[in-house]
Structures are given as structure tokens and as C-alpha cells.
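Here is how names work: the chains are called A, B, and so on, in the same order as the sequence lines, proteins then strands, and each is numbered from 1.
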Protein chains: 2
Amino acid sequence: MAGKRSATIYDVAAAAFVSIATVSRVLNGSIHVLPETRERVDEAIKQLQFVPSSAARSLSGGRRWSIGLAYPLDGDRSIVSPQREDDSSALYNDAIVRGASWQAAQLGYSLFACAVRTGQDAEAQVIHRLYSAVDGIILTDRVVHNVGAMRIAKRMHAVHLSGSGTSQFGGTIRVDNAGGISELVRHLATVHQIVDFGFVGGSAESPDATARFEAFRDAVAKVGGNLRSENLLNGEFSLAKAEAALTARLADSAALPQAFVCANDQMAIGALHVLRDQGIDVPRDLVVTGFDDIALANQVHPALTTIAQPSFELGVAAVTMVIGLLDREIEVGSVQTLPTSLVVRSSCGCESPESGQAKKANS
Amino acid sequence: MAGKRSATIYDVAAAAFVSIATVSRVLNGSIHVLPETRERVDEAIKQLQFVPSSAARSLSGGRRWSIGLAYPLDGDRSIVSPQREDDSSALYNDAIVRGASWQAAQLGYSLFACAVRTGQDAEAQVIHRLYSAVDGIILTDRVVHNVGAMRIAKRMHAVHLSGSGTSQFGGTIRVDNAGGISELVRHLATVHQIVDFGFVGGSAESPDATARFEAFRDAVAKVGGNLRSENLLNGEFSLAKAEAALTARLADSAALPQAFVCANDQMAIGALHVLRDQGIDVPRDLVVTGFDDIALANQVHPALTTIAQPSFELGVAAVTMVIGLLDREIEVGSVQTLPTSLVVRSSCGCESPESGQAKKANS
DNA sequence: TCCTTCAATGTAAGTGCTTACATGTAAGCA
DNA sequence: TGCTTACATGTAAGCACTTACATTGAAGGA
């Protein structure tokens, strides 16, 4: 801890009897350094416990070898109750972060993840701080709906994750929401003879939410299903809000649909809770499906039929794209779409052989 | 993306017909600026969409207003399979990260979380990069077992999370492992008349693992319980490894204990899986308990009786301590211990009223 | 009226790096 | 041997800020 100021490149240069330029070359792995000199410098670095200042590095235009990832942490909820409560929302981001970390490490970078409380004054500031510490940045969905973020996006190597791809950004990675949804709806219609559909949607400001709903509507139309407006719920991507919305819906006497398709797994799990409490059996009385395939999806009872997002690969792809942008090996403005896939488990009425939790022994 | 370079303080100064010093004063809210001048500068800032470079700011001596948090991501496993697989390990860190982010935001800082693949060559490098981007750093348990990390810890504002508190660090936050364990063992002995105990432990290099085992051993001795060596399993804190260890143990003909106390929830969940597959009913035939109270603990069946770590508060406390260190308001070398608490659910044989998943409707 | 004092602003010296350009040196070749 | 080359290294100019110190000018006191 503490003590005197930490060593600078000058100290190292002095200790190794070279100029700071040479130290810098060693630091950045330049080819033009005598092995012997390099060794001397490395030794001095170790001796002095020198760590280059990334602030200075950024200022002078060098690489920081790190990339940032900003993901949303809902501000309002956190302020009311900072506790874990609805923290399953984090599960989705988690896989992305891990994918991104993994790929960053593969390419010699480090990944700094930063939770941004959306809707806070400080939001832009946080993104700025992150920005100034990295070479490129990945902005997930909702954090982007902010002036500051937009401004940054315009001026740096930024990729937008699962966004609507309004360009402005260096690149965009999207998920094939429509493909997954239509496969799901087809499955429900064909295998389970479902005609009357319901939907639990996500936050209006999320491009993903919109995309999923529209895909759903289209898919239902395509299979000739029907969709009554009273069965169109909004759970804002949150378990608790979905529970509330469904509870309110159940209080209504209107007939329930045969299936509730939910725009993410957390809401589906919330629905499962409410339905069990009300004595409505899933999938016998009502089918429920999710979206994302978070880790919990396979642990709940009944195991959730859902659409797998390649979350891990999303992180991988985003990092690859940012670094490609950095290296100018990728065109600015490219868009990449990752596939989704239907994961059939028990909550749609199929028996799932793969799920441990869904086994007979359990019920 | 791109376009011309963004405005600097010079551009603003020129546009407002003042010097850069005055702009800086406006930026930092100095008192010595004529309201009229201030207004002119503000106008120019808005006009040029000027955002001060935080890199330059930090360089010139200011704070970066951000703190780093390094947590482990098991290297070996990630390399073999980068997929989500055993990713419940992330759940524990998640709450810490969220607590830290939250508290950082409260105090005007930002939190950068960085997954470090333990045991990799790049480990020290990653921590260095993180270090050089922040004002202070939080190192969780296992990432510390590394020369590079140690070196950093010695010279900067670093706090060690749930470590053994060997000083070296600016500060240490610990969890009262012993208190929770002994409460649990007392509960098992008193309420459930358990005498014959088993244990599934964690990685040897983790101070937490050691602390938990020792506390367990002592607690069992205190209640006069017994503990046979063949019931001492090692699951390395991993779901999969715990499954393997327990499967191997079941192949042995020796009598099983009445309860397996696991050093974390993931391993307990693994045990649950194996036992169900073998037709051994929990809690009727065998009691299983966890540690940490991760989100999944309440979702599995039967709901896990476990010891709640105040993970969120751990993050909060760590950030508070780092910033206290930064502000020199806290003594170097302080140690803070956070309490744990027993969470009784179904896997010990108690009926849990609070758990949705554990309700009668389900079984 | 002259000197002091202080508020408003400007000047310039860092801050720790990267890198273009300059320099020096030894090898290669006629 | 003398000249070109290529490589190893050094010099110094930024990079975009903060801030100590300098400067200016007007108000206030004697």
C-alpha cells in the first residue's frame, strides 16, 4: 500500500539505462529491441513494480488492451431496494459478459464490465468513464437510450448489442428474434394444437422487446392463431412485474388463452409462480414459454420451454467486432445476426428427457 | 462513429473568448468566475458538444472516479468448454458486483468488474490493466493467489474480499463463516436429531473453504456429532465436481451420513441432482444443506436450507472501504467481518413457508 | 492621490505515455 | 576502404486537461 508515488516510465528507463522510448517499445512489444535490452528493461519493470498509467496511454493514443461492456441495471428498482430481489435479470447479462471476457482474453484483451443504472443523471458520466479506460466499447440494448451514450457511440469504436441497428454505431450484433419466435409458435400450433395465444411483453423502450412482439404477432397470424387484446400483458422484462400483470389478468373473468408466450424467461418464471399459486397446472391447463434460456429455465418446475439466445456467443461476437473495428479489419456499420433456437422442455406440454428437474421422480 | 475529432477544451476556450483555465474553472465549478463569463462558456460547451476527456483529467492528477473489482473465472474449465455449463458459480459473484456497483454509484464512483481467469499467464496482466484504469481495486478471494495480484495489492488501494486477512492489503472484508456454520450444525442436531455428519468442501486454495471446513469440524464436535472420513468429500466449489465426488461416494458401500453439509450452494445442488437420480429422497433419507444462498437455492427442489452470505453487502462494504482508503479516512490494514445467517428451507426437513417452489402443490 | 487588497482571468508547467523523426553503429557489398 | 542500409536507440513533440503562479484592474482606506 501507498508509500511513495508509483514508478513511471522514466524511473524504469533510468534503472535500465535506456530511454523512455525503449521502455515504451518493450511495453508494446515492438520488434526493434535487442533481446538483451529487453531483458534489462523487463527486469527494471519487475524491480520497480512498474505499471503503465492507462490514463497517459489513452492520452497519447496508444492501446489500452481492454474493452468495455456497459449493461443496464435498472435504476429505479435499485434505488427503492438495492437488494437482490429480482436479480435474475442479471443472469442474462452474465452469459454475455462471460462470453465477452472469454473472447477478449483469447484476443489478448481484458474486458471491463460496468453496470449502468439506466435513467440516472450519472448514466452518461459512467459510460464516459468506462470509455476513457478502454479501446472500444460494447453497449447492450437499453443503456443506449441516452444522449450521452449516443454521443459516445458516434465518436468511438462502439458496438451495439441486440439493438435495432440504427447505424450511428461502429457495428451492431443482433439476435434472430423473429426466427426463434416463429419456430416456437409453429411448434405450439402444430404439436400442441394451440390456437388461442397470449403474450407477456417487455419494456417498450427495448428494441428487442418490440422485435419479439412483432415477430410473435406475425407468427400467430401465419399459423392462423388468434390473439385477444386482453391477453396482451406487459411484464417489463421483470419477474415481479410479470407476476403482477398476470395476477391482475387472472382477476379478470375473461377466458384465458391456451398459451402465454413470454418475451423472456424471468417473466415466464413469474407466470409459473402465479399460476401454481392459483392452482392452474402448467402445462395441462395452460402452456407457458420463455425466451433467452437462462440457467434457471431448466431448474424450475415445470422446466421451461424457451428460445435459446446464444448469449455467450453474443459476447464473443461483440468483442470480435469491436476489435475488428479497432484493427480496421471490419467495415464500420456492419450488422451481424446470431441465430436462436427452440429449446423444448416441459412447460409446453412436451416431456423433456434432458431436464433433471423435470423427471417423474419429482412430481 | 467517427466524423471529425471531438472538441477539446481549447475549442471551447476559443469559442467563448476565454482561456482554457477559465473553461476548466467552469467545468469544475470554481467560485472565481463571473456569472456572465460562465454563461458564455456553458453556451460554447453546449454548442460544441464538448465532453472533457477523462483520460486527460486523470493524467493531470485528478481521480478517475472509478474502482475495479476482479473476480475469478476458472481458467481450466473455461478453456475446455467456454460454454455456460457450470456458470452458477457466477451467481455468487453477481450479487457482490451488484452491491459494489450500487455503492460505488452512491458515492459518485463507477465500478468496473473484470473476470480474471485464474491460473492463466495473463492473470497478472489483466489485473494490472484494471488497476491502471481505476483509483482503487477490490480483489475477491481466489484471484489473489497470484504473484502479480499480490504485488499490486501491496502498493495500491486494494481490499481483499473474504480473504484470510494476511494484511498486505489496504483492507480486508470477511464473512463470518464460523458463525453461520455453527448455527446450521446446531439446527441440524437440535431440530433434526442429526448425529452423523458428512461434508462437501471447496477448493483447498480458498481461505473461505478452509474456514468453512474448520468451523464445521468444530461445530460438529461441539454438538457431539460424528464425522467419518469417508464422508468428507471435495467438490472444489463446483456443481459438476460435487456431482462426481458424491457419485463416487455412493458407489462405496459404506453407510451414508444423515446429512451432507456443503461448502456452497452449487455443490449442494449437484448433490441434490445425484441423490434424486439415485432415488434417495431429500430430506427424508438424507439431509443436504448449502452455503451462500444464491438465487438458485430457493428455486431448486427441495428448496435448499443454506447459510446466507450478505453478498450484496459484501460488495457495498468493499467499495466503502476502498474509497475510505482513498480518502484516507480509514486505517490501512483494517478488517471488517460481515455476519451470516441461517436460512431454513426444505432440504433439511423443515417445511419452508416462504419458498414458492417448495409448496405442496409441487410434490 | 497612492497604496493595498482581492476578484477575475491568463500563462505555463506539469501529468506519463506514444511515436515521428533524428542519430549512431555495424554489417553488406563493390 | 567507402558507401549504402537496416536496425537499435534516443530526442522531443504532442495528447487534453489541472493548477500554481502571474497579471490586471478596480475598489477601498488613509
Side-chain angles (χ1 to χ4, degrees), chain A residues 4-42 44-45 48-66 125 128-129 131-135 152 155-156 326, chain B residues 4-42 44-45 48-65 128-129 131-135 155-156:
Chain A
K4 54 209 91 176
R5 270 179 47 272
S6 56
T8 72
I9 199 172
Y10 291 93
D11 303 322
V12 175
F17 305 106
V18 295
S19 73
I20 59 166
T22 300
V23 176
S24 180
R25 287 189 189 103
V26 170
L27 249 30
N28 296 289
S30 158
I31 223 72
H32 294 299
V33 181
L34 233 43
E36 178 193 310
T37 310
R38 179 186 302 277
E39 203 164 308
R40 209 148 22 92
V41 171
D42 279 333
I45 288 175
L48 296 168
Q49 305 194 356
F50 167 70
V51 181
S53 142
S54 85
R57 271 195 156 153
S58 352
L59 233 205
S60 62
R63 286 224 177 149
R64 267 136 292 191
W65 295 103
S66 48
Q125 190 183 46
H128 251 103
R129 286 177 188 159
Y131 160 32
S132 75
V134 301
D135 297 315
I152 283 184
R155 40 184 286 225
M156 78 174 300
L326 246 35
Chain B
K4 57 208 86 175
R5 269 179 49 270
S6 54
T8 72
I9 200 172
Y10 291 93
D11 302 322
V12 175
F17 304 105
V18 296
S19 74
I20 58 168
T22 300
V23 176
S24 180
R25 288 189 189 102
V26 170
L27 249 29
N28 296 290
S30 160
I31 228 70
H32 295 298
V33 181
L34 232 44
E36 178 193 310
T37 310
R38 180 185 303 275
E39 202 165 308
R40 208 146 25 89
V41 171
D42 279 333
I45 288 175
L48 295 168
Q49 301 197 358
F50 167 71
V51 180
S53 144
S54 81
R57 271 191 155 156
S58 3
L59 225 209
S60 60
R63 289 222 177 147
R64 262 148 290 227
W65 295 103
H128 276 196
R129 285 180 189 155
Y131 161 32
S132 71
V134 300
D135 296 316
R155 44 179 290 224
M156 76 173 302

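Atom C1' of nucleotide D:dT9 and atom CZ of A:R38 are separated by 13 Å, given to the nearest angstrom. In this structure, the CD1 atom of A:I20 is 9 Å from the P atom of D:dT11, given to the nearest Å. Taking atom CG of B:L48 as the reference point, atom C1' of D:dA16 lies 15 Å away to the nearest angstrom. As a whole-Å value, the separation of A:W65 CH2 from C:dC17 P is 17 Å. As a whole-Å value, the separation of B:E36 CD from C:dA7 P is 19 Å. Taking atom CZ of A:F50 as the reference point, atom P of C:dG16 lies 10 Å away to the nearest angstrom.
Each of C:dT9, D:dC17, C:dG10 was ranked by its minimum atom distance to the side chain of B:S53; first place goes to D:dC17. Candidate nucleotides C:dC17, C:dA7, D:dT18 were compared by shortest atom distance to the side chain of A:I9, and C:dC17 ranks first. Closest contact between the side chain of B:T8 and the listed nucleotides C:dT19, D:dT9, D:dA16 involves D:dA16. Of the candidate nucleotides D:dT9, C:dA8, D:dT19, D:dT9 has the atom nearest to the side chain of A:H32. Here the side chain of B:V18 is nearest to one of C:dG16, C:dG10, C:dT18, namely C:dG10. Taking every side-chain heavy atom of A:T22 into account, D:dG10 is the closest of C:dG10, D:dG10, C:dT18. In the set C:dA8, C:dT18, D:dC17, C:dT18 carries the atom at the smallest distance from any side-chain atom of A:N28. In this structure, of C:dA8, D:dG10, C:dG10, it is D:dG10 that holds the atom nearest to the side chain of A:R25.
A:D135 is listed as a side-chain neighbour of A:R64, based on a closest heavy-atom distance under 4.5 Å. Using a 4.5 Å cut-off on side-chain heavy atoms (C-beta onward), B:R57 and B:L27 make contact.
Here B:T22 contributes atom OG1 and B:F17 contributes atom CZ; the two are 14.0 Å apart, rounded to the nearest 0.5 Å. Residue B:L59 holds its CG atom at 5.0 Å from CG of A:L59, rounded to the nearest 0.5 Å.
Note on A:R57: every side-chain N or O is 4.0 Å or more away from OP1 and OP2 of C:dG16. Residue B:T37 has no polar side-chain atom (N or O) positioned under 4.0 Å from OP1 or OP2 of C:dA8. A sub-4.0 Å separation between OP1 or OP2 of C:dT18 and a side-chain N or O of A:S24 is present.
Residue A:I20 forms a side chain to side chain contact (heavy atoms under 4.5 Å, CB included) with just one option from A:T8, A:D11, A:I9, and that option is A:I9. Considering A:L34, A:V41, A:D42 as possible partners of A:R38, the one that fulfils the side chain to side chain contact (heavy atoms under 4.5 Å, CB included) test is A:D42.
Stem regions annotated for DNA chain C: C:1-30 with D:1-30, counting only runs of 3 or more consecutive pairs of Watson-Crick or G-U type with both contacts under 3.5 Å.
B:R40 places no side-chain N or O within donor-acceptor distance of the main-chain N or O of B:V18, the cut-off being under 3.5 Å. B:S60 places a side-chain N or O within 3.5 Å of a backbone atom of B:A56 that can act as its donor or acceptor partner.
Side-chain atoms of A:S60 and base atoms of D:dC15 include no donor and acceptor less than 3.5 Å apart.
Taking the nucleotide of DNA chain C with the nearest heavy atom to each of B:L59 and B:Y10, the more 5' of the two is matched to B:Y10.
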